[in-house]
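A quick write-up on the structure given underneath.
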Amino acid sequence: MNIQFESADHINGLMTVTVEKADYEEKVKKQLNEYRRKVQMPGFRPGMVPMGLVKKQYGTAVKVEEVNRLLGEKIYEYVRENKIRMLGEPLPNEEKQQPQDLASDGPFTFVFDIAVAPEFKAELSADDHIDFYKIAVDDKLVDDQVQMFAQQAGQFVSAEEWSGNDTLKGDLRQLDAEGNTLEGGIETEGGMVMPSYVKDDDEKKKFEGAKPGDIIIFNPKKAYPGNDAEVAALLKVDKEKVADLTSDFSFQITEIRHFEPHVVDQELFDRVYGEGEVKDEADFRQKIAEGMKEQLVSNSDYRFLQDVRKYMEEKVGELTFPEALLKRVMLNNNKDKGEEYVEKNFDASIKQLKWHLIKEQLVEVNEVKIDDDDVKQVARDGIRLQFAQYGMSNVPDDVLENYVNEQLKKRENVDQFIDRAVDMKLTEALKKVVTLETKEVTLDEFNKLMQGGQEG
């Protein structure tokens with residue numbers, strides 16, 4: 001097999017591959033012998049079909065399969081050995097590729113277009129100054145977290161009068177124009193109303209001071225204007241049935257359910273962190289602060305890598321890509337979406353590609369490497385954080401491991417964990433390379449910053 005590669009402008013490559021009979025002959029013979037051993041034809045015993053008949057029926061297909069396999073294997077081997085920074089996959093050249101008679105013995109010549117990454121250097125040193133936003137864990141942040149834990153461990157209790165975000169439960173009956181129960185009208189038992197979510201102020205006022213046993217006359221369509229789905233859910237009927245509904249309804253309250261946050265006490269401490277791990281509220285707040293510091297560092301690191309990206313994109317400057325060829329590659333990968341999709345998304349794709357190439361160099365220069373343990377730890381940390389968001393900070397290790405192992409069975413999850421592990425190790429490496437311009441901010445200031453607001 002002969003492979004030739006040329007790239008006059010260093011970004012558009014042309015690869016010519018010539019496949020000789022000797023390259024594929026042995027493998028094709030072996031495959032045809034396998035076919036002969038298994039194939040069944042009328043008039044012949046198994047394994048006794050003449051090779052001529054086997055070749056006639058299967059020879060060309062087997063040869064095409066083997067030639068395609070060879071092309072893929074040898075092209076990528078050549079690219080790897082010659083350190084060609086290929087973008088995407090090779091595409092047949094639309095001008096120089098001639099039809100090949102694959103029924104013959106060859107030689108066969110294939111011409112491919114190769115998109116090549118532009119040459120540049122991505123380097124960082126102590127001379128490069130990049131912002132690092134350190135998020136302060138203040139009392140307000142801890143207060144909010146304490147409140148969240150108390151809410152998560154709270155429960156509904158019966159109340160004697162409606163207030164705040166209480167839920168009212170009761171029976172609804174459709175009324176006629178005179179205010180009497182409409183015969184054959186909509187009747188609903190156990191309807192649930194949260195007055196705080198009623199949109200119309202006049203309708204909302206009707207529920208003020210409501211107590212169990214009270215009968216409230218209100219209009220569901222006025223209470224939830226333009227939201228037939230909400231009205232239908234309240235009345236437990238199909239959405240189509242309320243489209244033209246204008247009636248008032250009586251609502252006899254049978255129960256008021258008031259949500260009561262858990263008291264900040266030892267029971268809550270044990271629930272969040274495990275029995276005996278926290279002794280008092282001061283210890284509880286300290287434990288929360290320590291946990292939040294770890295979480296907030298990951299937020300700061302995420303922002304830092306974003307700033308590294310912006311800094312490096314400006315430092316590297318404009319790069320020239322083989323745009324026409326990359327559009328063909330993109331179209332080939334999105335055949336079902338068409339050229340309009342390619343044109344609409346191409347600029348964003350190039351921007352992402354530029355960062356991918358920069359990051360590749362930074363990973364290589366800083367000798368960032370990950371292993372299976374790193375990937376598993378990323379999965380473990382992510383799942384532990386999800387549990388923590390639901391107030392479950394003391395999940396047993398075996399339960400956690402089961403969740404991790406389930407997540408790692410899915411290829412798309414593994415790819416995400418690998419990317420995250422690389423980002424984390426690269427971030428740690430770069431924080432030691434560049435000069436950090438540390439700025440302490442509150443979480444609110446940091447969130448505004450992430451949303452594109454002004455620095456605090």
Side-chain angles (χ1 to χ4, degrees), residues 5-15 75-91 112-133 297-298 300-327 329-330 333 345-375 377-378 414-437:
F5 179 76
E6 54 186 286
S7 179
D9 62 0
H10 303 292
I11 56 173
N12 288 281
L14 193 69
M15 182 177 287
I75 287 174
Y76 283 97
E77 185 179 290
Y78 183 93
V79 166
R80 185 173 61 253
E81 290 178 354
N82 290 273
K83 294 182 171 57
I84 299 170
R85 302 179 69 205
M86 181 172 67
L87 304 175
E89 68 277 358
L91 293 179
F112 296 97
D113 291 322
I114 306 286
V116 182
E119 292 292 331
F120 68 94
K121 271 195 172 183
E123 297 176 324
L124 284 168
S125 70
D127 293 332
D128 298 295
H129 294 244
I130 299 179
D131 292 338
F132 184 82
Y133 295 93
V297 165
S298 66
S300 298
D301 285 349
Y302 176 77
R303 173 66 195 206
F304 170 73
L305 196 57
Q306 283 190 324
D307 287 338
V308 168
R309 173 175 177 169
K310 182 179 178 183
Y311 182 87
M312 287 304 303
E313 286 174 344
E314 293 174 357
K315 186 175 183 179
V316 167
E318 290 296 320
L319 297 178
T320 302
F321 287 92
E323 293 195 2
L325 182 49
L326 287 177
K327 285 182 179 179
V329 171
M330 192 172 177
N333 292 334
N345 293 278
F346 186 72
D347 288 345
S349 177
I350 288 295
K351 185 175 177 61
Q352 188 61 33
L353 176 59
K354 179 179 177 180
W355 168 235
H356 173 76
L357 294 173
I358 291 172
K359 191 166 81 167
E360 261 190 349
Q361 285 199 34
L362 292 176
V363 166
E364 184 178 354
V365 168
N366 291 280
E367 299 181 346
V368 172
K369 294 179 175 63
I370 63 168
D371 55 28
D372 290 344
D373 288 340
D374 295 319
V375 175
Q377 188 59 48
V378 167
V414 174
D415 290 340
Q416 291 177 6
F417 295 147
I418 289 172
D419 289 342
R420 179 70 183 132
V422 170
D423 284 352
M424 289 172 65
K425 283 206 168 183
L426 179 60
T427 298
E428 286 305 309
L430 295 181
K431 283 161 67 176
K432 297 172 185 175
V433 171
V434 303
T435 298
L436 297 178
E437 297 292 342

Go through the structure and list residues passing side chain to side chain contact (heavy atoms under 4.5 Å, CB included) with V116, not counting sequence neighbours.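 With neighbours one apart ignored, the set is F5, I84, I114.
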Name all residues meeting the side chain to side chain contact (heavy atoms under 4.5 Å, CB included) criterion together with D373; count only those two or more places apart in sequence or in a different chain, and write none if there are none. D371
Is the side chain of [X] donor-acceptor paired with the backbone N or O of [Y] at a distance under 3.5 Å, no angle test?
X    : Y    : result
K354 : G317 : yes
E323 : F346 : no
D128 : S125 : yes
N366 : V368 : no
K315 : E123 : yes
S300 : Y133 : yes

Output, in order, the C-alpha distance, side-chain angles, deciding distance and verdict of side-chain contact (heavy atoms from CB on, under 4.5 Å) for E313 and I358. CA-CA 8 Å; E313 286 174 344; I358 291 172; 4.1 Å; yes
What's the separation between atom NZ in K369 and atom CG in D374, rounded to the nearest 0.5 Å?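 These two atoms lie 12.0 Å from each other.
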Please round to the nearest 0.5 Å and tell me the distance separating atom CG of L305 and atom CG of D301.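 Atom-to-atom, L305:CG and D301:CG are 8.5 Å apart.
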Under the side-chain hydrogen bond (donor to acceptor under 3.5 Å, both in side chains) test, residues paired with D113 that sit two or more places apart: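 So D113 forms a side-chain hydrogen bond (donor to acceptor under 3.5 Å, both in side chains) with N93, R328.
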Restricting to non-hydrogen atoms, name the atom on A117 and the atom on L357 that form the minimum distance, rounded to 0.1 Å.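 Taking A117 first and L357 second, the nearest heavy atoms are CB-CD1, 4.0 Å.
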Salt bridge D131-R303, side-chain N to carboxylate O under 4.0 Å: no
Lys/Arg N to Asp/Glu carboxylate O, E428 vs K432, below 4.0 Å: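 Salt bridge absent between E428 and K432.
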Please lay out, stage by stage, how I130 and L430 fare under the test side-chain contact (heavy atoms from CB on, under 4.5 Å). CA-CA 10 Å; I130 299 179; L430 295 181; over 6 Å; no
Quick one: do I370 and M424 satisfy side-chain contact (heavy atoms from CB on, under 4.5 Å)? Show the steps, please. CA-CA 10 Å; I370 63 168; M424 289 172 65; over 6 Å; no
From CA spacing to verdict: side-chain contact (heavy atoms from CB on, under 4.5 Å), F112, E89: CA-CA 10 Å; F112 296 97; E89 68 277 358; over 6 Å; no
